[in-house]
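All remarks here apply to the structure that follows.
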There are 2 protein chains.
Amino acid sequence: MGVQERKARHKEELRQEILEVARKLFVEEGFKNVSMRRIAERIEYSPATIYLHFKDKSELIFELCEETFARLVERQEQLNERTYDSPIDFLREGLSGYVEFGVAHPDHYRVTFMMADDEIDPSTYQSPDCMGMRAFGNLRAAVEACVQQGLFPKQNADTAAQALWAGVHGLVSLYIVMPEFPWADRQKVTETLISGLIEGLQAG
Amino acid sequence: MGVQERKARHKEELRQEILEVARKLFVEEGFKNVSMRRIAERIEYSPATIYLHFKDKSELIFELCEETFARLVERQEQLNERTYDSPIDFLREGLSGYVEFGVAHPDHYRVTFMMADDEIDPSTYQSPDCMGMRAFGNLRAAVEACVQQGLFPKQNADTAAQALWAGVHGLVSLYIVMPEFPWADRQKVTETLISGLIEGLQAG
DNA sequence: AATCTAAATGAACGGTGTTCACTATGGGCG
DNA sequence: CGCCCATAGTGAACACCGTTCATTTAGATT
């Protein structure tokens, strides 16, 4: 009965090859230029074959994004293992890490958090246990810690977390969409937004 | 020579009819579902005719966005005519107006500030005198006033304006892309971000 | 050798933006 | 009036896209 296993292995290999080729196309030429036909050409199978392994294009790209966002989540959880003078330092670290990550993986970020429901399927990309949402969850937890220690007086954890998220998301998405904009100094802008918001939340 | 004028008028009428039909399709069915062929069908001309009036689809949609963003700019400039106790009140008004506007015109906002360069042409959408950029310019001016009056100590106007812009842009774009997200309370989140940031900038 | 199963595909469907050689219309002029 | 020419308009094509499905192919089982 080793035959079935070999077949299954073979199938999994092809699946991985599809992902590999798609990943390469995706990071090198962006979402728009990844087409099922081009992937098919590169793996030397017909386009229809891809549909034996993935429901549709959205699902395929989703896996690539999950893969990449998993690295952000991992990094966030590594941060968790260090100790900090204050939960605010931890939060700050998480926020700037988020921005760095987004800028480093613009296409993955775009697909995950900047695409309309007619291009991607929100029910998969925004499900509570997908990596993008888990990344936000970690951020929320960091805010929760601050609230619990009374560092963000009069703040609700959810509200504060969402405001902070919007802030860093705004940075990332503008950096991605407007690389030619005459930014004052990205580092400084990022710092100003993060520190500004945190101080504002502390002031209450 | 009234003939040429009549012809020119007729041409302008057709141009306006194209825009009108496109606008209707655009707000009712979103960017993705506005196709040159569907516009052509509705104006009862062939698709090729549209290209006698617009360079390409991007330019056509751009005009619609300009039109709409012009209303934001206008509103901002009306704000300018009132007087405020503090330039901070004026700034706050501008920021919440920006968010309201974005949420009210999600498709126009998406095209103007959330699309990649392979879908739209940044050199037109991000030119310094397009309405989107003028809207930011007004915001920047409001920040400048705060800086000049020493209300944002140790802050550079550009850096602060860009941070604030990123903040409100983040709100708008997340609201647009994730309408199903369990927002705490959009009003409160918006308030938290705007007030938080402003207080942070005041604290310096 | 015949049969069954799963993988793979060719060809099509219905769409997209865009271009271009061509036709048709109607005003200007001899 | 009839001819000419500019301009408006178009049909058909190009080169793509995602997706589906009836059909073929290949390989293992009986």
Side-chain angles (χ1 to χ4, degrees), chain A residues 1-19 21-22 25-26 29-64 107 111 115-121 124-125, chain B residues 1-19 21-22 25-26 29-64 107 111 115-121 124-125:
Chain A
M1 282 293 140
V3 164
Q4 288 205 346
E5 283 163 30
R6 193 197 58 204
K7 274 193 178 178
R9 200 165 53 237
H10 210 83
K11 184 161 182 173
E12 182 56 26
E13 272 168 23
L14 181 49
R15 195 189 141 89
Q16 289 306 322
E17 203 189 328
I18 294 168
L19 283 170
V21 164
L25 280 173
F26 186 53
E29 320 199 26
F31 175 80
K32 186 65 166 295
N33 296 315
V34 182
S35 75
M36 299 305 259
R37 288 174 147 94
R38 298 228 298 162
I39 295 170
E41 204 184 329
R42 270 187 169 50
I43 58 170
E44 295 177 290
Y45 279 81
S46 91
T49 300
I50 301 175
Y51 291 87
L52 301 176
H53 299 84
F54 300 92
K55 185 175 126 280
D56 55 25
K57 188 184 174 183
S58 182
E59 186 181 292
L60 205 175
I61 302 289
F62 175 67
E63 297 229 355
L64 298 182
D107 288 292
V111 172
M115 281 204 163
D117 49 336
D118 51 62
E119 292 170 295
I120 56 111
D121 177 12
T124 62
Y125 282 84
Chain B
M1 281 299 138
V3 164
Q4 288 204 348
E5 282 163 31
R6 193 197 60 204
K7 274 192 177 177
R9 200 165 52 238
H10 210 82
K11 184 160 181 174
E12 182 56 25
E13 272 169 25
L14 181 50
R15 196 189 140 88
Q16 288 307 321
E17 202 189 328
I18 294 169
L19 283 169
V21 164
L25 280 173
F26 186 53
E29 319 199 25
F31 175 80
K32 186 65 166 297
N33 296 315
V34 182
S35 75
M36 299 304 259
R37 287 174 149 93
R38 297 230 294 160
I39 295 170
E41 203 185 329
R42 270 186 170 51
I43 58 170
E44 294 179 291
Y45 279 81
S46 91
T49 300
I50 301 175
Y51 291 88
L52 300 176
H53 298 84
F54 300 92
K55 188 175 124 281
D56 55 23
K57 186 184 174 183
S58 181
E59 187 182 291
L60 205 175
I61 302 290
F62 175 67
E63 296 228 355
L64 298 182
D107 288 291
V111 171
M115 281 205 163
D117 48 338
D118 52 60
E119 290 170 295
I120 54 113
D121 177 12
T124 62
Y125 283 84

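Here is how names work: the chains are called A, B, and so on, in the same order as the sequence lines, proteins then strands, and each is numbered from 1. Both backbone and side-chain heavy atoms feed into the values below; hydrogens, waters and symmetry mates do not.
Residue A:Lys11 places at least one side-chain N or O under 4.0 Å from the OP1 or OP2 atom of C:dA7.
No more than 12 heavy atoms of other residues, nucleotides or ligands lie within 6.0 Å of CD in B:Glu44, so this atom counts as exposed by the packing criterion. Around the CD atom of B:Gln16, the shell of radius 6.0 Å holds more than 12 heavy atoms that belong to other residues, nucleotides or ligands.
Of the charged side-chain nitrogens involved, at least one lies within less than 4.0 Å of a carboxylate oxygen, so that B:Arg15 and B:Glu63 count as a salt-bridged pair.
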Should A:Leu14 and A:Lys11 be marked as a side-chain contact (heavy atoms from CB on, under 4.5 Å) after you check the CA-CA gap, both sets of side-chain angles, and the distance that decides it?
-> CA-CA 5 Å; A:Leu14 181 49; A:Lys11 184 161 182 173; 5.9 Å; no
I would like to know whether B:Leu64 and B:Asp107 meet side-chain contact (heavy atoms from CB on, under 4.5 Å); could you show each step before the answer?
-> CA-CA 10 Å; B:Leu64 298 182; B:Asp107 288 291; over 6 Å; no
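Whole-Å rounding puts the B:Glu13 CD to D:dA8 P distance at 14 Å. B:Leu52 has its CG atom 12 Å from the C1' atom of C:dT19, to the nearest Å. For the pair B:Asp118 CG and C:dG17 P, the interatomic distance rounds to 15 Å; values are reported in whole Å. A straight line from CD1 of A:Ile61 to C1' of D:dC17 spans 14 Å, rounded to a whole angstrom. Rounded to whole Å, atom C1' of C:dG15 lies 12 Å from atom NZ of B:Lys57. Look at CG on A:Asn33: it is 10 Å from P on D:dG18, rounded to the nearest Å. Distance, B:His10 NE2 to D:dG9 C1': 12 Å, rounded to whole Å. D:dC17 atom C1' lies 15 Å from atom CG of A:Leu60, rounded to whole Å.
Taking a 4.0 Å limit (strictly below) on heavy-atom distances, residues 36-49 of chain A reaches DNA chain C at A:Arg37, A:Tyr45, A:Ser46, A:Ala48, A:Thr49.
Cation-pi check for A:Lys57 over A:Phe31 is met; the charged atom lies under 6.0 angstrom from the ring centroid and within 45 degrees of its normal.
Residue A:Ile50 is out of contact with every strand shown, counting any heavy-atom pair closer than 4.0 Å. If you check every strand for non-hydrogen atoms under 4.0 Å, B:Leu14 touches sugar and phosphate atoms only.
Between A:Val21 and A:Leu25, the closest side-chain pair of non-hydrogen atoms falls below 4.5 Å.
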